[in-house]
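Each remark here refers to the structure printed beneath this line.
Just so you know, ligand 1 is whichever comes first in the structure, and atom 1 is the first atom listed for that ligand.
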Amino acid sequence: MSSNSPHIVIAGAGSVGCYVGGRLAHGGARVSFLARERIQNDIDLHGMKVSDWQGYSANLDPSSIEISSHDRILKDADIIIVSVKSRDTLAMAQTIKRSGNTTATIFSFQNGVGNVAVLKTELPEHTIMPVMVPYNVLYTPGSKNKAAHFHCGTEGTLFCQNDSASETLMLAAQQAGLAMEYKPNMVNILWSKLLLNLNNPINALAGIPLKQQLEDKHYRKIFRLAIQEGLAVLRSAGINPGQVAAVPMGLVPVVLALPTFLFKRVAQKMLAIDPEARSSMWEDLQNRRPVEVDYITGELVKLGQQVNVPTPVNSKLIELVKTAHAMGQGSPCIDSMTLLNQVEAEQSHV
Ligand SMILES: NC(=O)C1=CN([C@@H]2O[C@H](COP(=O)(O)OP(=O)(O)OC[C@H]3O[C@@H](n4cnc5c(N)ncnc54)[C@H](OP(=O)(O)O)[C@@H]3O)[C@@H](O)[C@H]2O)C=CC1
Ligand SMILES: CC(C)(CO)C(=O)C(=O)O
C-alpha cells in the first residue's frame, strides 16, 4: 500500500462489507472496518479469510486489519462503503455525520432502491452513489485455527455509476482483481437487481440452497410469477430494468418457465453457484434477525400501489416471511408445492 493510497472504510462490516473490504485490502488498498463488537472480536481473534467459488482465497492476519466499533475510524476516510442492511442505513448515515467526516465519497453496496436517498438526506455535503452487488456472500465465524470466513458463492460483477467520482474505487477494485463495471443508469440497474431479489423471500421460506431451489420447477414458477408482477409494475411506472443477469430481465421469466433439464442448460450462468449458497434473507431469517423484505419486495408492492398494478404474489411472500420471522424459528422450510398453492390462491383473488 502506498502512503497516498485512499483510505477506504467499510461502514458495517458483515458479509458483503468484509468480503469486498478483505479483497480490496488484499489487493493493496488501505482498508479499515467499522464493525459491531462481535465481528470485531471474531476478526481480532481469528483473522479474516476471503474466498470465492472459483478458488480465489486470501488470508488477512489480525495484526494487518484495522477494525473498530467506534465511529472515529470514519473520520479521515476518503471512501466510505456502506454495507449495512437497509433498516440500518439511516443510523449509519447519522454515525458518519457524527464522525465529522464531510468529504468522503460514499458508496452504498446494498440491495433495494432507497438507500442512496436516505444517505443523501442525512449527508448533503457528500457525493453518494450506489453499487450493485450481484453475488451472495456467506459469513462463517472463526474458531480455533480457523479465520472468520467470508465466502462469495455466486458469480457476478459489481456495477457502479459511470462517473468520475467512482474512479478511485474502480482503480482499487482493478488492483484487487475484483470485477467492477461502469453503468450509465444505476437506477435501472437497482430496480433490475430488485427483481432478482424477489427470489430472496422464496429462498428464505424454502430453507434450501439457491441451486437446489432454482432446480425445482415449482419454486421456479413462484419466482417467475413474482418477476412477472415486478415487470408489469416497472412497465407501468416507466422504468426500463437494466441487464444484471446473463439474459435481459424481460427474458428471465421465459428462462424460468423452461422444463428443468432445459433450464439447467440454458441457465448455466444463473446456476454457476456454490451448492451451499443461499440468499441474505435466508441468513437473516435463520439467525432470527429482522428481514430486509420491506426494503426489497416491499418497494415493489409500494410502487405497484402507486401505478395501480396488483402484486398479490409478492404481497403474499412478504406476509409469509414476516410471519416466519415473528415465529422466531428460522426458515419454515415450506415445500415448493405448498408454497406455490399459497401464492396461486392469492393470485386468484385478484
Ligand atoms: N449477504 C449477501 O450475500 C448479499 C447482501 N446484499 C446486500 O448488501 C447489504 C449488506 O448485507 P450483508 O452484508 O448481508 O449484511 P450483514 O448483516 O451481514 O452485515 C452488516 C453488518 O453491519 C453491522 N452494522 C449495522 N449497523 C452498524 C453500525 N451503525 N455500526 C457498525 N456496524 C453496524 C451489522 O450488525 P448487526 O447485525 O448487529 O446490526 C452487521 O454485522 C444488504 O443491503 C444486502 O441486501 C447484496 C448482495 C448479496
Ligand atoms: C446475491 C443474491 C441475489 C442472492 O440471493 C442477493 O442479492 C442476496 O442474497 O441478497
Side-chain angles (χ1 to χ4, degrees), residues 9-22 32-43 52-53 67-74 80-99 107-116 118 130-141 148 150-159 190 192-204 206 209-211 213-214 223 244-245 252 270 272-274 277-297 299:
V9 178
I10 304 295
S15 303
V16 166
C18 287
Y19 174 71
V20 169
S32 308
F33 298 85
L34 173 65
R36 297 290 196 206
E37 269 179 28
R38 68 168 199 290
I39 306 271
Q40 183 188 355
N41 292 339
D42 187 14
I43 292 173
D52 78 8
W53 62 286
I67 184 161
S68 167
S69 55
H70 199 286
D71 58 33
R72 79 174 75 87
I73 204 166
L74 293 158
I80 296 175
I81 290 180
V82 174
S83 54
V84 293
K85 290 273 163 47
S86 305
R87 68 177 175 277
D88 294 324
T89 304
L90 177 59
M92 183 53 83
Q94 290 162 345
T95 302
I96 296 171
K97 197 171 209 162
R98 251 195 335 269
S99 77
F107 294 92
S108 154
F109 277 55
Q110 298 168 285
N111 280 330
V113 290
N115 290 297
V116 168
V118 173
V131 170
M132 191 281 292
V133 181
Y135 32 69
N136 179 257
V137 179
L138 192 67
Y139 164 46
T140 311
F150 300 90
H151 178 70
C152 167
T154 53
E155 61 95 39
T157 297
L158 298 167
F159 288 167
L190 290 188
S192 214
K193 175 71 196 302
L194 186 143
L195 293 188
L196 289 185
N197 282 130
L198 296 177
N199 186 51
N200 284 19
I202 306 168
N203 182 255
L210 283 163
K211 185 165 165 52
Q213 182 228 316
L214 287 171
F223 187 18
V244 294
V252 172
M270 273 169 108
I273 52 182
D274 270 3
R278 297 168 187 252
S279 70
S280 57
M281 203 171 287
W282 172 83
E283 225 185 320
D284 281 340
L285 194 58
Q286 201 62 12
N287 292 325
R288 283 66 167 163
R289 295 194 308 191
V291 279
E292 219 179 3
V293 73
D294 281 336
Y295 301 89
I296 299 176
T297 318
E299 287 287 348

Do side-chain atoms of [X] reach the backbone of [Y] as a donor and acceptor pair under 3.5 angstrom?
| X | Y | result |
| --- | --- | --- |
| Thr154 | Asn136 | yes |
| Ser83 | Gly12 | yes |
| Lys193 | Val133 | yes |
| Gln110 | Val84 | yes |

Among all protein heavy atoms, pick the one closest to [atom] and tell me residue, atom and distance.
| atom | answer |
| --- | --- |
| atom 3 (O) of ligand 1 | Val137 N, 2.7 Å |
| atom 42 (C) of ligand 1 | Glu292 OE2, 3.3 Å |
| atom 10 (O) of ligand 2 | Ser280 OG, 2.6 Å |
| atom 5 (C) of ligand 1 | Val16 CG2, 3.4 Å |
| atom 19 (O) of ligand 1 | Gly14 CA, 3.2 Å |
| atom 15 (O) of ligand 1 | Lys85 NZ, 3.3 Å |
| atom 35 (O) of ligand 1 | Arg36 CG, 3.1 Å |
| atom 1 (N) of ligand 1 | Ser280 CB, 3.5 Å |
| atom 5 (O) of ligand 2 | Asn200 OD1, 3.3 Å |
| atom 38 (O) of ligand 1 | Arg38 NH1, 2.9 Å |

- Do the non-hydrogen side-chain atoms of Leu158 and Pro134 ever get within less than 4.5 Å of each other?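 Side-chain contact under 4.5 Å: yes.
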- Quick one: does Leu138's side chain get under 4.5 Å of Glu283's, heavy atoms only?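 In contact.
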Heavy atom under 4.0 Å from ligand 2: found in [X]'s side chain, backbone, both, or neither?
| X | answer |
| --- | --- |
| Lys193 | side chain |
| Pro134 | backbone |
| Leu196 | neither |

- Polar atom proximity, Arg278 to ligand 2 (N or O, under 3.5 Å):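 Arg278 vs ligand 2: no N/O contact under 3.5 Å.
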- Task: Please say whether Asn111 places an N or O atom under 3.5 Å from an N or O atom belonging to ligand 2.
- Result: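 In this structure, Asn111 places an N or O atom under 3.5 Å from an N or O of ligand 2.
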- Query: Below 3.5 angstrom, do we get any N/O pair linking Asn111 and ligand 1?
  - Reply: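 So ligand 1 has an N or O lying under 3.5 Å from an N or O of Asn111.
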- Query: Can you check whether Ser15 has an N/O within less than 3.5 Å of an N/O in ligand 1?
  - Reply: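 In this structure, Ser15 places an N or O atom under 3.5 Å from an N or O of ligand 1.
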[atom1] of [X] to [atom2] of [Y]: how many Å apart, nearest 0.5 Å?
| X | Y | atom1 | atom2 | value |
| --- | --- | --- | --- | --- |
| Asn197 | Thr297 | CG | OG1 | 8.0 Å |
| Asp71 | Gln94 | CG | CD | 12.0 Å |
| Cys18 | Ile43 | SG | CD1 | 4.0 Å |
| Leu196 | Met132 | CG | CE | 8.0 Å |
| Glu37 | Ser68 | CD | OG | 9.0 Å |

Side chain, backbone, both or neither: [X] near ligand 1, heavy atoms under 4.0 Å:
| X | value |
| --- | --- |
| Asn136 | both |
| Met92 | side chain |
| Tyr135 | backbone |

Proximal ligand 1 atoms for [X], defined as those under 4.0 Å from one of its heavy atoms:
| X | answer |
| --- | --- |
| Arg289 | 17 (O), 37 (O) |
| Phe109 | 8 (O), 9 (C) |
| Gly12 | 20 (C), 21 (C), 22 (O), 32 (N) |
| Ser83 | 10 (C), 19 (O), 20 (C) |

- Atoms of ligand 2, numbered as shown, that sit under 4.0 Å from any heavy atom of Ser279: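 Reading through ligand 2 atom by atom, the close ones are 5 (O), 9 (O).
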- Query: Tyr135 heavy atoms, cut-off 4.0 Å: which ligand 2 atoms fall inside?
  - Reply: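 Answer, ordered by atom number: 1 (C).
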- Identify, with sequence neighbours excluded, every residue that meets side-chain hydrogen bond (donor to acceptor under 3.5 Å, both in side chains) alongside Asp284.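 Asp284 satisfies side-chain hydrogen bond (donor to acceptor under 3.5 Å, both in side chains) with Lys85, Arg289 only.
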- Mind checking side-chain hydrogen bond (donor to acceptor under 3.5 Å, both in side chains) for Asn199 and listing every partner two or more places apart, or none if nothing turns up?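 side-chain hydrogen bond (donor to acceptor under 3.5 Å, both in side chains) list for Asn199, sorted by chain: Gln213.
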- Provide the closest heavy-atom pair for Asn111 versus Glu292 in the form atom of the first, atom of the second, distance.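 In terms of heavy atoms, the two residues are closest at O-OE2, 4.4 Å.
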- Item | Minimal non-hydrogen separation, Tyr19 against Val137, with atom names |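 For Tyr19 and Val137, the tightest heavy-atom pair comes out as CB-CG1, 3.7 Å.
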Closer than 4.0 angstrom: is that true for some heavy atom of [X] and an atom of ligand 1?
| X | result |
| --- | --- |
| Ala13 | yes |
| Met281 | no |
| Tyr19 | no |

- Task: For the residue pair Phe150 and Tyr139, categorise the inter-ring angle as parallel (less than 30°), tilted (30 to 60°) or perpendicular (more than 60°).
- Result: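 The rings of Phe150 and Tyr139 lie parallel, inter-plane angle below 30°.
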- Cut-off 3.5 Å, side chains only: do Ser108 and Asn115 have a donor facing an acceptor?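 Asn115 and Ser108 do not have a side-chain donor-acceptor pair below 3.5 Å.
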- Message: Tell me the nearest of Val16, Val137, Asn136, Asn197 to atom 3 (C) of ligand 2, using heavy-atom distances.
- Response: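 The option holding the nearest heavy atom is Asn197.
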